[in-house]
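Right, one structure below, let's go through it.
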Amino acid sequence: MIEPRNRVVQVRSFGDPETLEVVDAPLPSAGLGEVRVRVLASSLNYTEVLIRRHLYPQTMRLRPPFVMGYDVVGEIDQLGEGVRNLQIGNRVADMTVVGSNADYRTLRANDVARVPEGLDAAEAATLILSWTTAYQLLHRAARVRRGQRVLVHGAAGAVGQALLVLGRLAGLELWGTARGEHTALVRELGATPIDYRREDFTRVLPGGFDIIVDGVGEDGYRRSYAALKRGGLLCAIGFSASVQAQRRMLPIVMEIARLYLWRLLPGGKRARFYSVNAMRARHPTWFKEDLQRLFELLATGAIRPRVAGRISFDQVAEAHRRLEAGGLEGKLVLCPDLPSRSHRAPRQETPTASSNEGPHPTVQRVSQGPTYFGVARYFRYRHARTLPC
């Protein structure tokens, strides 16, 4: 019997998407208290751009090569010793930080959440990081109350969309900054759109907002802090402006640290940096509870995450370029069962020049860049520092 193939997406060195590559890795085996899953879906997140560029505090100790993949929905195909509450064939989900852009991977049985039958695997995968982040921001960190006025930066992004949908369910009054071409989407999701290229969000609401969620970090979060009402809360969740400006990690960390000094200023305003990983480390049961709640909302049709595209292994580098360019109105999701483009039968009316080229026996290119890599080691979130998400 031929052992199943285990393709993984590795990053050779920190840098551009061209450093990503698909390789054949050894098939993992479930150890004590673990399950092995056949990966059905693993969503691509902007956070992975930070990981690839060595700008993500949670993975600063990792050194390439390692396997990418922040989250996973998979079907259990092997049980490790001591696993009693799960069975082969169960669908489960987990947030792994790295290691899930693969055909197979192992997970700790106590960490996984059950995925209800009938859910689309790609849609379920989109909930693991972005929607759980949004849910916990609103209900665990900010503890929102009906009628509060909330501003969401990057409202057309994955977390932004989730915040608007869940915020509307919570009875909040919502505003969202976005590019002009995305204002219709923001309005459709129940918020008042703000075209950040043409409008000054600090002047939109006299008296200020109750809560601002900022994943951009423009001007070191100063303008967001200024737009709060007296006693308001700023929840910083990212720093995409610094990433686009190609700033180094140290000044970014200093800006995050400064948030906690602002609480000493008069006016009663508060500021904090929310990390889904730090909260999971402090309250491990919350993550599973909140993710299960989101699966229930998906099953009933109360929420419907947007999937911008389902991609195969050889499209991952291209997907990373799209993530960095911005403008996506949904999640890109790696679905290992999708055939790679080089393995798809070409249409007869439009033959391609590369249709006769087969992949390297052990390495398949995912970009026009060079090909290399060794076998990865997986990194678990429990071994990371509880730093920004």
Side-chain angles (χ1 to χ4, degrees), residues 43 45-51 55-59 70-71 95 97 126-144 150-167 170 172 174-178 186 191 196 201 209-225 227-228 232-244 247 249 252-260 262 269-283 286-287 290-291 294 323 326 328 331 381 384-389:
S43 70
N45 306 277
Y46 189 81
T47 304
E48 288 166 282
V49 173
L50 308 184
I51 293 173
L55 292 174
Y56 192 55
Q58 192 81 17
T59 57
Y70 209 101
D71 54 45
M95 185 175 68
V97 182
T126 67
L127 302 182
I128 298 169
L129 175 60
S130 300
W131 285 72
T132 304
T133 292
Y135 187 91
Q136 292 195 337
L137 274 167
L138 295 176
H139 298 289
R140 302 290 192 183
R143 298 181 181 178
V144 296
V150 178
L151 171 64
V152 176
H153 287 300
V159 176
Q161 289 184 40
L163 282 164
L164 298 187
V165 173
L166 296 174
L172 305 178
L174 298 158
W175 285 258
T177 64
V186 174
Y196 67 84
F201 68 84
F209 296 93
D210 293 293
I211 299 164
I212 297 178
V213 180
D214 190 346
V216 179
E218 181 186 1
D219 194 28
Y221 308 102
R222 290 186 181 89
R223 297 180 69 230
S224 288
Y225 189 77
L228 288 172
L233 171 65
L234 167 62
C235 285
I237 61 170
F239 37 84
S240 62
S242 294
V243 175
Q244 293 297 326
R247 301 182 65 199
M249 194 66 237
I252 295 174
V253 171
M254 292 177 66
E255 288 180 350
I256 295 171
R258 189 171 58 228
L259 292 172
Y260 295 90
W262 286 347
K269 297 180 182 181
R270 296 165 295 149
R272 60 176 297 183
F273 201 104
Y274 165 84
S275 163
V276 67
N277 287 293
M279 185 165 284
R280 186 180 187 182
R282 290 193 298 267
H283 305 285
W286 286 4
F287 181 83
D290 297 342
L291 183 54
L294 290 167
L323 282 173
L328 290 169
K331 275 287 188 75
Y381 81 94
R385 297 178 179 178
T386 54
L387 288 174
C389 79

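Just the heavy atoms: all of them, side chains too, but no hydrogens, waters or symmetry mates, feed the values below.
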Just by modelled atom types, is the [Y] backbone N or O under 3.5 Å from a matching donor or acceptor in the [X] side chain?
| X | Y | value |
| --- | --- | --- |
| Lys331 | Ala158 | no |
| Arg140 | Asp290 | no |
| Thr132 | Leu127 | yes |

pair [X]-[Y]: side-chain heavy atoms closer than 4.5 Å:
| X | Y | value |
| --- | --- | --- |
| Asn277 | Met95 | yes |
| Tyr70 | Ile51 | yes |
| Leu234 | Lys269 | no |
| Thr133 | Tyr274 | yes |
| Asn45 | Asp71 | yes |
| Val165 | Trp131 | yes |

For the student: nearest non-hydrogen atoms of [X] and [Y], plus distance:
| X | Y | result |
| --- | --- | --- |
| Ile128 | Leu291 | CA-CD1, 4.0 Å |
| Phe209 | Val150 | CD2-C, 4.2 Å |
| Leu166 | Ala134 | CD1-CB, 4.0 Å |
| Val186 | Ala155 | CG2-CB, 4.0 Å |
| Leu233 | Ala141 | CD2-O, 4.3 Å |
| Ala156 | Gln161 | O-NE2, 2.9 Å |

His139 vs Tyr135 aromatic rings, parallel, tilted or perpendicular, using cut-offs 30° and 60°?
tilted
How many angstroms lie between [atom1] in [X] and [atom2] in [Y], if you round to the nearest 0.5 Å?
| X | Y | atom1 | atom2 | answer |
| --- | --- | --- | --- | --- |
| Asp210 | Leu172 | CG | CG | 9.0 Å |
| Asp214 | Ile237 | CG | CD1 | 8.0 Å |
| Leu129 | Tyr46 | CG | OH | 14.0 Å |

So among Tyr221, Phe201, Tyr196, which one has a ring pair (Phe, Tyr, Trp, His ring centres under 6.0 Å) with His153?
Phe201
